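Everything on this sheet refers to the single structure shown next.
Since the structure is predicted, the reported quantities are computational estimates derived from the model, not experimental observations. Atoms considered below: every heavy atom in the structure, side chains included; atoms not considered: hydrogens, waters and symmetry mates.
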Protein chains: 2
Amino acid sequence: MNFYVDKIKNNGLKVTPRRKAIINIFNHCRVHLTPEDIFTRLKEEFSHCGLPSVYRNLEILAECGILARIYRFDNKRYYGLCHSADGAHHHHIICIKCGTIAPLKGCNLFKRKKINGFKIIDHFIQVDGICKNCQE
Amino acid sequence: MNFYVDKIKNNGLKVTPRRKAIINIFNHCRVHLTPEDIFTRLKEEFSHCGLPSVYRNLEILAECGILARIYRFDNKRYYGLCHSADGAHHHHIICIKCGTIAPLKGCNLFKRKKINGFKIIDHFIQVDGICKNCQE
DNA sequence: AATTTAAATAGAAATTTTTTTCATCTACAT
DNA sequence: ATGTAGATGAAAAAAATTTCTATTTAAATT
């Protein structure tokens, strides 16, 4: 948890019980969740937290690099805990069965400055797969 | 348009006026749009189309490979016309200023079967940048 | 330890986005 | 021409997200 606390502080943000509770949830379940999921679990397991706070905090924690934004084209936001010890550039590979998130290193896109005449500003890569456990 | 008509037919779907109208809109503006955008333009420029039909058709056209799903983390869906003459595997690069979409070839991810022990099922890559015109 | 203050919070309400339902209609294969 | 699976629109509902505001709180400063 100290790791996350530091990250929050380094971003000039406050370490609040809500934020710790949200990180805790992700730490325990290790899958990706929607704001609604978080809201439900906060009510069950931890202190209550208003839905607007959930939205704000998920977004803030994502900006701190603590949470990863997960892309699914089902019109919901998903977030997952970003398991990366160092702060190195990376993306994520998601298990479509259990939801586990693993870091995906070795992206060579961020080194390039231009592609097809476009000046590169940002990029997003996500791989969906089936993790070792779920393959059996 | 014949190119698109064939794609729709090849997917066992009907070529309806609505679908042609939607493709027409994308063909004229060449940027990425939300379902709401499409709905508005259909009312203005082409025949009217109910909002549910817009949602359904955008999704259907995306599955045919005619439209590309664009990822923005602002909680809206975006679609854009996929300008790729052949059916080769590719992704997209988006201009964050004007919204233009260009194909991004040379993805080497889809060749790999496994990464980090994960069996790869799918992957998504998107690059955001500024196109030649908008750089000036 | 008390004070201060900018940031964070909850809760309600409003807004926006998306989906469902269902009766009707249509593209197109036969 | 006709039959049929697929497509459509209208209305309604559901779901997701944001706004607003009064209140509370973390943590820096006394």
Side-chain angles (χ1 to χ4, degrees), chain A residues 1-2 4-25 32-64 66-67 69-79, chain B residues 1-2 4-25 32-64 66-67 69-79:
Chain A
M1 178 57 77
N2 277 342
Y4 300 115
V5 167
D6 288 347
K7 274 205 174 184
I8 293 173
K9 284 188 177 167
N10 290 343
N11 280 273
L13 296 162
K14 289 184 183 175
V15 179
T16 68
R18 300 286 166 279
R19 286 170 187 173
K20 286 203 262 186
I22 290 174
I23 292 171
N24 251 325
I25 288 174
H32 50 284
L33 302 167
T34 66
E36 196 66 34
D37 293 335
I38 294 294
F39 182 62
T40 305
R41 286 176 197 236
L42 274 168
K43 279 194 290 192
E44 284 171 3
E45 303 173 38
F46 299 86
S47 55
H48 175 70
C49 183
L51 198 48
S53 277
V54 175
Y55 275 87
R56 267 192 311 265
N57 279 323
L58 289 174
E59 207 36 36
I60 281 169
L61 294 175
E63 260 153 37
C64 293
I66 292 172
L67 298 183
R69 292 166 180 155
I70 311 298
Y71 174 44
R72 322 246 97 189
F73 211 76
D74 66 355
N75 321 311
K76 286 180 188 171
R77 300 186 195 204
Y78 290 92
Y79 296 85
Chain B
M1 178 57 80
N2 277 343
Y4 301 116
V5 167
D6 288 347
K7 276 205 172 183
I8 293 174
K9 283 189 177 165
N10 289 343
N11 280 272
L13 296 162
K14 289 182 183 173
V15 180
T16 67
R18 299 288 166 275
R19 286 171 187 171
K20 287 202 261 185
I22 290 174
I23 292 170
N24 251 325
I25 289 175
H32 53 284
L33 303 167
T34 66
E36 195 66 33
D37 293 334
I38 294 293
F39 181 61
T40 306
R41 286 174 195 236
L42 273 169
K43 279 194 292 191
E44 285 170 5
E45 303 172 39
F46 299 86
S47 56
H48 174 69
C49 182
L51 197 47
S53 275
V54 175
Y55 275 87
R56 271 190 308 257
N57 280 323
L58 289 174
E59 205 40 33
I60 282 168
L61 294 175
E63 260 153 37
C64 294
I66 292 172
L67 297 183
R69 292 165 179 154
I70 310 298
Y71 174 43
R72 321 245 95 188
F73 212 77
D74 67 353
N75 320 310
K76 286 180 187 169
R77 298 188 195 205
Y78 289 91
Y79 295 85

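Between Lys76(A) and the phosphate of dA16(D), there is a side-chain N or O to OP1/OP2 separation shorter than 4.0 Å. Contact check, Arg77(A) against dT17(D): a side-chain N or O comes under 4.0 Å of OP1 or OP2. The shortest distance between the side-chain N/O atoms of His48(A) and the OP1/OP2 oxygens of dG11(C) is below 4.0 Å. Between Thr16(B) and dT8(D) there is a side-chain polar atom (N or O) within less than 4.0 angstrom of OP1 or OP2. Between Arg56(B) and dG6(D) there is no side-chain polar atom (N or O) within less than 4.0 angstrom of OP1 or OP2. Considering only side-chain N and O atoms, Arg19(B) lies under 4.0 angstrom from the phosphate OP1 or OP2 of dA7(D). Within the structure, every side-chain polar atom (N or O) of Tyr55(B) is placed at least 4.0 Å from both OP1 and OP2 of dT19(C).
Comparing Pro17(B) and Pro52(B), the nucleotide of DNA chain C nearest to each residue sits closer to the 5' end for Pro52(B).
With distances taken from any side-chain atom of Glu36(A) to the nucleotides dT18(C), dA16(D), dT9(C), the minimum falls on dA16(D). Picking from dT17(D), dG9(D), dA10(C) the nucleotide with the shortest atom distance to the side chain of Pro35(A) gives dT17(D).
Among Leu33(B), Thr16(B), Leu58(B), the single residue meeting the side chain to side chain contact (heavy atoms under 4.5 Å, CB included) criterion with Ile22(B) is Leu58(B).
Nucleic acid contact class of Leu13(B) (heavy atoms, under 4.0 Å, all strands): sugar-phosphate only.
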